[in-house]
Structures are given as structure tokens and as C-alpha cells.
Amino acid sequence: MDRHGGRSGDRGYLREATRGVALFAGLAVGVVLVAAVIASLLNLVVG
Amino acid sequence: VLLRPGADDLRLIGFYLGKVVLGLSLVMVVPAVVALALGEWNSLSAFVIGAALCAGIGAFTEARLATRRSLTWAHGMVTVALAWLFGAILASVPLHLSGHYDDLLAAVFEAMSGLTTTGLSVINDLDHTDLSMDIYRHLLHFAGGQGIIIVVLSLIAAGGGSIGTLYFSEARDERILPNFIRTSRFIFRVAATYLVIGTSALFVALLVAGFTPGRGIYHAINLFFGAFDTGGFSPMQASAAYYHSASVESVMIVLMLAGAISFGLHFQLWRGDPKQVLRHLETRTLATTTTLLFVVVCFGLLRGGTYEGTEALLRKGLFTLVAALSSAGYQVNDGGTYLSDWGALAPAAIVAAMAIGGMASSTAGGIKAMRVGITTKTLLHDVRKLLQPESALVVTTYHVGKRRILRDDTARAVTSVLLLFVVTYLIGAVVGLSYGGYDITQTLFESVSATSNIGLSIGVTDPGMPRGLLAVYLVQMWLGRLEFVAVFALIGYLVSLGRGRAST
């Protein structure tokens with residue numbers, strides 16, 4: 001319990017989960033964007 | 001000198017095996033409730049029989065073999081090897097009773113494929129299976145996927161020094177949290193968080209694709225288990241190709257990637273430290289191999305005139321590559337197209353991706369990015385040593401949680417397991433060739449897919465395949481999931497039972 005009587009563990013979990021999922025989503029979007037650039041370039045050069 | 005295990009050792013192993021079997025009975029209760037709610041009486045009776053059998057065995061071991069001794073890592077390794085074997089046999093009971101499998105071997109194969117998160121399937125008429133039976137297949141991915149991580153981490157927590165090197169290549173100091181219970185809790189929190197977010201995202205994507213809410217939620221839950229646990233079972237025979245939806249495929253790519261990265265790196269992300277993730281040897285290895293292999297896949301597909309345009313390259317090439325690297329094994333086209341339309345280069349890149357697999361301490365299979373990274377470092381280290389004067393001290397480092405010096409014993413352990421994977425790939429391919437009717441592309445593709453627990457199929461695995469080859473793939477899935485080490489421990493244990501010296 002925190003000093004306001006709330007369940008600090010749950011809030012901490014939510015904050016961590018939001019941060020973790022957001023950072024992972026950023027990485028995943030980065031992967032797809034890099035793949036899109038590679039595919040576009042190769043499509044131009046080879047296709 | 002081998003010491004013969006005593007009755008106490010066997011009792012201990014039996015006791016913990018019983019606990020695993022008891023856990024399996026709980027896995028069967030969930031689909032039993034679904035079967036009851038939906039009035040799927042045949043499936044309900046299959047689950048009741050399966051759960052009663054498992055609960056009976058579990059209760060017997062609890063009553064007769066109870067012990068206060070703790071597991072040593074040697075006991076643990078033997079228990080793990082036997083757990084996946086007996087687990088698959090007992091998990092196959094409801095599958096066999098469903099009548100969707102040609103014989104008991106096919107049902108055991110399917111159960112092993114589920115528990116090892118492989119995803120190769122020999123089910124007949126999947127599109128008309130009871131919903132509860134389908135949920136059960138996907139739950140096996142969850143039970144086996146989360147199970148292997150917890151089991152391996154618990155073995156390391158038990159203090160097995162050399163075992164850590166073999167399994168994690170020096171990452172044994174990188175326990176996610178110092179306490180095993182807290183580590184397990186964190187893993188389940190990550191899985192639960194992604195379950196909620198992933199299922200919701202898939203549900204929305206399926207609604208956009210034209211699914212009704214009822215069918216949408218059913219497919220979303222099953223696809224989540226298949227993608228995040230890098231399993232690859234699908235509710236439909238056509239796998240991911242059934243959905244014809246870019247939004248569904250996009251969500252699945254993200255979930256497959258989430259399943260392929262280690263829980264250690266998830267922990268760093270949750271702690272808000274992405275720099276640790278970017279510096280990690282596994283991240284860099286996966287980034288490099290994914291980029292190179294994607295270039296090869298695109299080049300092969302474009303040169304062969306298979307696909308044109310960026311969207312097709314992403315939806316077919318990138319999806320299949322991520323499915324291979326993550327070891328989820330979902331397919332966006334029929335397996336035969338790899339042979340008939342993809343040319344030689346793109347399937348070769350997919351085979352390489354399947355061999356590499358995902359990260360250690362994730363549900364992904366394959367050699368693992370950690371071992372590939374350390375092997376590459378070892379090669380570079382040896383080249384540097386050749387180029388330097390003999391008296392020069394060459395030190396190679398890598399980043400896994402912290403900066404580490406590459407040691408000879410680490411390099412040896414890593415290359416041994418890597419070699420075992422390669423040999424197993426080749427053995428499976430040769431056995432496949434011996435049956436005739438398949439060429440080397442087909443047998444190598446399927447053998448790598450089975451050993452690395454991927455689940456992509458070029459068309460060899462089907463209900464009517466030769467039973468000998470089916471049994472070989474079954475063993476390959478078991479060996480690959482346990483990364484050989486636990487199976488060798490089991491063999492050593494069996495040998496010492498027969499030839500060991502009695503301890504005084």
C-alpha cells in the first residue's frame with residue numbers, strides 16, 4: 001500500500017507494462033519500416 | 001565413474017513428473033468447460049477421460065512418492081526430458097479420442113508439436129474440429145511454451161553451473177530477477193499483458209477483415225497463443241493465409257516478434273532501458289541476420305518473378321521470414337508454393353532463418369541468436385589471433401547484460417550444441433530422402449522445421465506421411481525443444497542405472 005492508501009504495486013505494474021509494450025511496439029514498427037525500405041529499394045533495382 | 005541412481009533419486013523424479021502430469025490435467029479442464037458450455041459432448045468425454053487419467057497418475061505419485069528432497073540440476077534435467085515425453089503421450093489422449101487423427105502416433109505427434117511449440121500438424125479436417133478441441137491444441141502451445149522457460153530458469157536457479165553455459169551460453173548471471181518466484185511472476189505478467197493487448201488487436205483486425213464478433217474473439221485467442229508462444233497451430237487448415245488480411249498479418253508479425261525476444265530483454269524494456277536491448281548480442285545478431293536474410297528473400301522472389309511490389313514482399317516475404325526466425329511457423333501461402341513458385345534462393349534463406357531461430361529464454365526454437373552470435377565472435381576471435389603476433393593477447397568481448405570476455409569453455413559449449421543441431425537437421429533430411437518421393441529441398445526444409453520447432457511445412461508433413469518419418473520428426477521436435485542437453489542427461493542417467501557403481 002502507498003501513503004495514499006492505494007495499491008502501489010498495481011500502479012507500478014501498469015506503468016512498467018505500458019512502458020515495456022510501448023517500447024517494444026516502437027522496435028517492432030522500426031523493424032517493419034526498415035523492411036519496407038529494403039523491399040522498396042530492391043523492388044526498384046531488381047524488380 | 002558413474003554412480004548408479006538410488007531408489008530415492010527415482011522416487012524424486014517420479015514425484016516431480018507427477019506434478020507435471022497433474023498440471024496437464026488442469027490444462028484439459030479449460031477446454032472441457034468450453035465443451036460443456038457449447039454442448040460438444042464427444043470432446044467433453046475425451047477431455048474428462050484425459051484429465052481423469054492425468055489426475056489419477058498425479059494423485060498416485062503425490063500419495064506414494066512424496067518426498068522432501070529438493071531437485072538437483074541432474075534430477076531436474078532428467079525430469080524435464082521425461083516430462084516432455086510423457087506429457088506428449090498423455091496430452092495425446094483427448095486428441096486421439098477426437099477421431100481427427102489416423103492413429104495414436106499421429107495424436108502423440110500433434111501433442112508433441114503443441115507442447116514443443118512447433119506447430120507442424122497431422123490433423124484431419126481441421127476446419128471442422130470442435131471448438132473446444134481446437135482451443136486445447138492452442139493451449140498446449142501456452143503450457144509448453146511458458147513451461148520450458150520456467151523449467152530452464154528453475155534449473156539455473158537450482159545452481160547448475162555448467163548447465164547454464166550449455167543452455168544460455170554464459171547468460172546464467174543474467175537471471176531476470178534474483179528470486180525465481182518473482183522471475184516466474186514477471187514472465188506470466190508479460191504473457192498476460194500481451195494476451196490482453198494482442199487478443200484485442202487481433203480481434204479488431206479480424207472485425208475489419210469481416211469476421212463476426214463471436215468468430216473474431218475465438219480466432220483472436222487461438223492466433224494469439226500460436227503467435228506469442230511461437231507455436232503456429234492455426235484454427236484453419238490454410239494457416240494465416242485463410243484471413244487474406246494485411247491488418248491481421250501485421251498484428252501477427254508484431255506478436256511473433258514479441259514471442260521471439262527473450263524475457264530478459266522484455267524486462268529491460270519494462271524497466272525503461274532500451275539501450276540494454278540495443279547493445280545485447282542477441283539483438284544485434286538477430287538484426288543482422290534478419291536484414292541479410294530479408295535481402296536474400298526479396299532478391300530471390302523478385303528474380304524469380306514470384307512477387308512484385310513492396311506490399312507483396314512484406315506480406316509474403318517478411319511475414320514468412322519472421323514466422324521462420326521467431327519459430328511461430330505461420331504460413332501465408334500453401335507449403336507447396338515454396339517448392340513450385342519461390343525458386344531456390346528464397347526457400348534457402350527461410351531454411352537458414354529456421355535454423356537460427358529466435359532468442360534464448362524465449363519460447364522460440366532453433367540454434368538461437370545467442371549461439372550464432374557467440375560462434376561468429378569465436379570465428380572472428382580466431383581470425384584476429386591468426387593475424388596477430390604469437391605473443392599478442394587477443395581478447396574478444398560481447399554484451400549480454402554486461403560486457404563479457406569470450407571464454408574458451410563458452411565457445412566450446414556453444415559450438416557443440418550448434419553442431420548437434422546441424423547434425424540432427426542432416427539426419428532428418430537423409431531419413432526423409434530414404435523414403436523416396438521427396439527431394440533434398442523438401443526433406444531439409446521439413447527436418448530443420450521440426451528440429452528448430454518452427455512449424456513451417458513445405459508439404460511433407462501431412463496425415464498420410466510415412467509413419468517412420470513421422471516418428472523421426474517427433475523425436476527431432478523433442479530433441480530441439482530441450483536443446484539436446486536434457487535428453488543427453490536422461491541417456492546418461494539410463495546408462496548409469498544399468499552400468500553405474502552403487503553409491504556407498
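Numbers restart at 1 for each chain; the letters A, B, ... are given by sequence-line order, proteins then strands.
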**Request:** Pick one of side chain, backbone, both or neither for A:Leu41, based on which atoms fall under 4.5 Å of a heavy atom in chain B.
**Result:** neither
**Message:** Within the structure provided, determine whether B:Trp270 and A:Tyr13 are in side-chain contact (heavy-atom separation under 4.5 Å).
**Reply:** yes
**Complete:** side chain to side chain contact (heavy atoms under 4.5 Å, CB included) test vs A:Ile38 passes for just one of B:Leu318, B:Thr310, B:Leu314, B:Thr291, namely B:Thr291
**Euclidean distance, B:Arg271 CZ relative to A:Arg19 CZ, rounded to 0.5 Å** = 9.5 Å
**Complete:** Honestly, the part of A:Val31 sitting under 4.5 Å from a heavy atom of chain B is side chain
**Prompt:** Got a second to check how far A:Leu27's CG is from B:Leu278's CG, nearest 0.5 Å?
**Reply:** 6.0 Å
**Asked** With under 30° as parallel and over 60° as perpendicular, where do the rings of B:His266 and A:Phe24 fit, or are they tilted in between?
**Response** tilted
**Prompt:** Where does B:Val277 contact chain A at under 4.5 Å (heavy atoms): side chain, backbone, both or neither?
**Reply:** side chain
**Complete:** Honestly, the part of B:Leu321 sitting under 4.5 Å from a heavy atom of chain A is neither
**Message:** Heavy-atom pairs under 4.5 Å with chain A: which of B:Ala312, B:Pro274, B:Ala287, B:Ala258 has the most?
**Reply:** B:Ala258
**Item:** Least distance between heavy atoms, A:Ala39 atom then B:Leu313 atom
**Value:** O-CD1, 3.7 Å
**Note, A:Val29 side chain near B:Val254 side chain (heavy atom, < 4.5 Å)** = no
**Request:** Check step by step if side chain to side chain contact (heavy atoms under 4.5 Å, CB included) holds for B:Leu269 and A:Val21.
**Result:** CA-CA 8 Å; B:Leu269 290 174; A:Val21 172; over 6 Å; no
**Message:** So for B:Ile261, is it side chain, backbone, both, or neither that comes closer than 4.5 Å to the heavy atoms of chain A?
**Reply:** side chain
**Item:** Residue, of B:Tyr194, B:Tyr307, B:Phe299, that accumulates the most heavy atom pairs under 4.5 Å with chain A
**Value:** B:Tyr194
